[in-house]
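Worksheet: one structure, shown below.
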Number of protein chains: 2
Amino acid sequence: MTGKLGVSCFGCQTRHTTEWCASSDAELTLLDQVKAPKIMEAGTALFHQGDECGGIYCLNSGLVGIRRLDAAGNSTLLRLAGPGETIGYQSFLLGTAHRATAEIMMPSTVCFIRRQTVRGLLEQNPNLGLRFLRHNVKDAAEFEERHFETISFTVRSRFLNLLMVLYERFGSLNEDGEPVLDLPLSRQDIAALIGSTPETVSRSISKVQDEGLARFKGRKVLLQDIDELMRQLPAS
Amino acid sequence: MTGKLGVSCFGCQTRHTTEWCASSDAELTLLDQVKAPKIMEAGTALFHQGDECGGIYCLNSGLVGIRRLDAAGNSTLLRLAGPGETIGYQSFLLGTAHRATAEIMMPSTVCFIRRQTVRGLLEQNPNLGLRFLRHNVKDAAEFEERHFETISFTVRSRFLNLLMVLYERFGSLNEDGEPVLDLPLSRQDIAALIGSTPETVSRSISKVQDEGLARFKGRKVLLQDIDELMRQLPAS
DNA sequence: CGCAATTTTGATCCGGGTCAAACGTCGTGG
DNA sequence: CCACGACGTTTGACCCGGATCAAAATTGCG
């Protein structure tokens, strides 16, 4: 019994890394029946800040950006969510409206699970809640970490750090065997992620380029000296 | 059946604000029997970074500081925990050693609950896990918020913000009916909390004093113009 | 009453934010 | 197909908040 679009929970690549990995076959079957898998284009949104929370989203593939709009209407990218991540469960759990917008950053396939269904599953399976809990504890720890980094490292360090994280996720080798990376983010968003401004990010890029560590053309990046780049990362 | 020291979960002031509020009478009775309430002096520690997690702590009264030691041996205050808060559950849930040190900042009464007991309670009562989950989701949201504040507001704003938060928790009126506050923190710790340095904090204090907004003598603070102080807070 | 630790003040310097302008790059309509 | 405008990016110039280093002043303690 496959879901629409051929996306079944049983075959989901990321199932074993998500909260759902403790679910029984019966529960997965139920999920397959009620979930709504969808292929979405970059630029569209899963939900908008202020929307009431109708359910949660499980990202099968692609990339989603969580962004917040401030009073002045500027949108600030807060974090990225990748395959296997469940999105919007915070608002679901707190029973509040969404505090942020979830925007598709790359073509993605996403499964939507209605509120009532999640509620039922949580009641049936106590372990599911615990898995969400562990996941969230990790997230919180990561925030703490990021906060710490922001106040103790320079923009350059943070930029290089982000660059390498993105390389791990989206990097590859070109036909010449050189490490390359296609940035899924605008400079604006890069700046927001590391707590800086587009101008300063641009300057960091120029600097890194002048030093011969990497080469930037638009969103294409060629990591010329990846070893040195790694070496300059802040100690974790 | 009261616990030692006369601290019973049934009479706990903070019970209805903690995760335990959904617990049945039977469970509370069990808790009363197995928990180890203790009065602790400022300067002592509940646990140290790197210690293995033997259980969790529920703060009945007082104040606990969560601090991390970096490679150089400097300790950085990450956050404060007040009455009603459960401490150390993150490491418990992840099954890891404590990632931080929990230090008593004011004389406190703390209840310790052994790992095995918590495990049992969590298995019996699925709601307990969900309550922890909600609590942690809120914490994570708060971190996000704080991160956002740190990169978008000045040290002065952050300092005033902290000052008012502390006033809400520890402030009172003196014999003349003026709002006063006894800081439970050193300048070092204040600096760490707002992501700055002791010197800059000291300068902020001088500035605020020169402007006639407040008067500082050691850890004693007299809030001279509390309305103006509130007005200068960053928009929440 | 000293000695050590904390706090304050002073002087200096630099990362990086802000404002502005030049420069692509792309999509739209003439 | 090109001209045009809107936007994102880069670069330049300037300035300020705040970190750092150093030293004096205050506080707390044995």
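Letters A, B, ... are given to chains in the order of the sequence lines, protein chains preceding strands, and every chain is numbered from 1.
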Strictly below 4.0 Å, N to O, side chains only: are [X] and [Y] in salt-bridge contact?
{"X": "A/Glu178", "Y": "A/Arg215", "answer": "no"}
{"X": "B/Arg146", "Y": "B/Glu149", "answer": "no"}
{"X": "A/Glu142", "Y": "A/Arg79", "answer": "no"}

Flag the pair A/Leu185 / A/Met105 as yes when at least one side-chain heavy-atom distance between them is below 4.5 Å, and no otherwise.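 Answer yes - side chains close enough.
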Student check: side-chain heavy atoms of B/Arg156 and B/Leu160 closer than 4.5 Å: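 Of all side-chain heavy-atom pairs linking B/Leu160 with B/Arg156, at least one is under 4.5 Å.
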Where each residue is assigned the nucleotide of DNA chain C containing its nearest heavy atom, which of A/Glu199 and A/Val155 is assigned the position nearer the 5′ end?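 Mapping each residue to its closest nucleotide by heavy atoms, the 5'-most match is A/Val155.
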Within residues 181-190 of chain B: residues closer than 4.0 Å to DNA chain C (heavy atoms):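 Those residues are B/Ser186, B/Arg187, B/Gln188.
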Should the ring pair A/His98 and A/Phe47 be called parallel, tilted or perpendicular, given that the plane angle runs from 0 to 90° and is split at 30 and 60?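 Geometry flag for A/Phe47 against A/His98: parallel rings.
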Using 30° and 60° as the class boundaries, would you call the ring planes of B/Tyr89 and B/His135 parallel, tilted or perpendicular?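 Plane angle over 60°, so perpendicular.
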Passing option when B/Leu213 is tested against B/Leu223, B/Asp227, B/Asp225, B/Ile226 for side-chain contact (heavy atoms from CB on, under 4.5 Å):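 Result: among B/Leu223, B/Asp227, B/Asp225, B/Ile226, B/Asp225 is the only option passing the side-chain contact (heavy atoms from CB on, under 4.5 Å) with B/Leu213.
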Quick check on side-chain contact (heavy atoms from CB on, under 4.5 Å): which of A/His147, A/Glu144, A/Glu145 does B/Phe143 satisfy it with?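 Looking at A/His147, A/Glu144, A/Glu145, the match for B/Phe143 under the side-chain contact (heavy atoms from CB on, under 4.5 Å) is A/Glu144.
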Extract, from 5' to 3' on DNA chain D, the first and final nucleotides lying under 4.0 angstrom from some heavy atom of chain A.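 Listing 5' to 3', DNA chain D meets chain A from D/dT9 to D/dA13.
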How far does CG of A/Leu77 sit from CZ of A/Arg68, to the nearest 0.5 angstrom?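 Separation between the atoms: 12.0 Å.
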Please find the earliest and latest nucleotides of DNA chain C, in the 5' to 3' direction, that have an atom within less than 4.0 Å of any heavy atom of chain A.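 So the contact region on DNA chain C extends C/dG16 to C/dC19.
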